[in-house]
Amino acid sequence: MKKLLLTLAVALFAICSASANNYVANDAAIDALVNNSVEMVIDLDAAMAPAAPAAAISSKNPVVAAVLGWVLGWPGIHRYYLGTAPWMILPYFLTGGGFGVIYVVDAVLLTVDALENTINPQYLNNERIIMWADIF
């Protein structure tokens with residue numbers, strides 16, 4: 001009960017002490033920021049144009065991806081090689097490659113791609129934990 005009363009007292013003090021009169025806008029700094037700003041123009045037509053297929057522009061070697069998938073697949077090193085975000089290694093590492101299931105499926109699919117000498121564009125720069133979920 002004492003902790004609750006203390007928490008309420010601190011919250012009441014914070015609410016009462018907060019006031020707009022305590023804050024001052026520096027007009028000169030705002031004017032300087034606006035004057036030093038740079039105008040940016042974005043070409044929406046070019047931004048919305050379809051990109052070339054990822055397999056055509058990928059410099060990733062499918063054999064290296066397959067070997068990484070088998071040898072270092074359980075911590076997700078193959079995902080890092082294929083261009084995913086570095087944080088993606090964390091779920092792979094903590095779960096041992098999805099308790100071995102995701103690790104084995106990734107390795108098999110990358111091996112199939114290596115035999116065809118291509119990498120499925122679905123695997124490149126993929127932010128999902130299960131990179132092949134939309135393929136099946």
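Worth saying up front: this structure is predicted, and the values here are computed from it rather than measured. In this chain, residues are counted from 1 in sequence order.
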(message) With a 4.5 Å cut-off on side-chain heavy-atom distances among I, L, V, M, F, W and Y, is there a chain of contacts connecting Leu115 to Leu124?
(response) no
(message) Please evaluate residues His78 and Tyr92 with respect to the criterion ring pair (Phe, Tyr, Trp, His ring centres under 6.0 Å), reporting the C-alpha separation (whole Å), side-chain torsions for both, the decisive distance (0.1 Å), and the verdict.
(response) CA-CA 10 Å; His78 65 292; Tyr92 269 77; 5.7 Å; yes
(request) Check whether Leu90 and Phe99 end up in the same hydrophobic cluster, where Ile, Leu, Val, Met, Phe, Trp and Tyr are linked by side-chain heavy atoms less than 4.5 Å apart. (result) no
(message) Determine whether a donor-acceptor pair (N or O, by modelled atom type, separation under 3.5 Å) exists between the side chain of Tyr81 and the backbone of Asn61.
(response) yes
(request) Report the distance from atom CD1 of Ile119 to atom CG of Leu109, rounding to the nearest 0.5 Å. (result) 12.5 Å
(request) Kindly give the heavy-atom pair with the smallest separation between Ala66 and Ala114, and that separation in Å. (result) CB-CB, 3.9 Å
(request) Keeping the roles fixed (side chain from Asp113, backbone from Pro62), state whether a donor-acceptor pair exists under 3.5 Å. (result) no
(request) Determine the sole option in Val105, Val104, Thr111 for which the side-chain contact (heavy atoms from CB on, under 4.5 Å) test with Val108 is passed. (result) Val104
(request) Kindly give the heavy-atom pair with the smallest separation between Ala65 and Leu110, and that separation in Å. (result) O-CD1, 3.5 Å
(message) When you measure from the side chain of Tyr103 to the backbone of Trp70, do you find a donor-acceptor pair of N or O atoms at a distance under 3.5 Å?
(response) yes
(request) Among Ile77, Val63, Leu82, find the residue that satisfies the side-chain contact (heavy atoms from CB on, under 4.5 Å) test when tested with Leu68. (result) Ile77
(request) Write down the atom of Arg79, the atom of Asp106, and the distance for their closest heavy-atom approach. (result) CD-OD2, 4.3 Å
(request) Quick one: pull up OG1 in Thr118 and NZ in Lys60 and give me the separation to the nearest 0.5 Å. (result) 14.5 Å
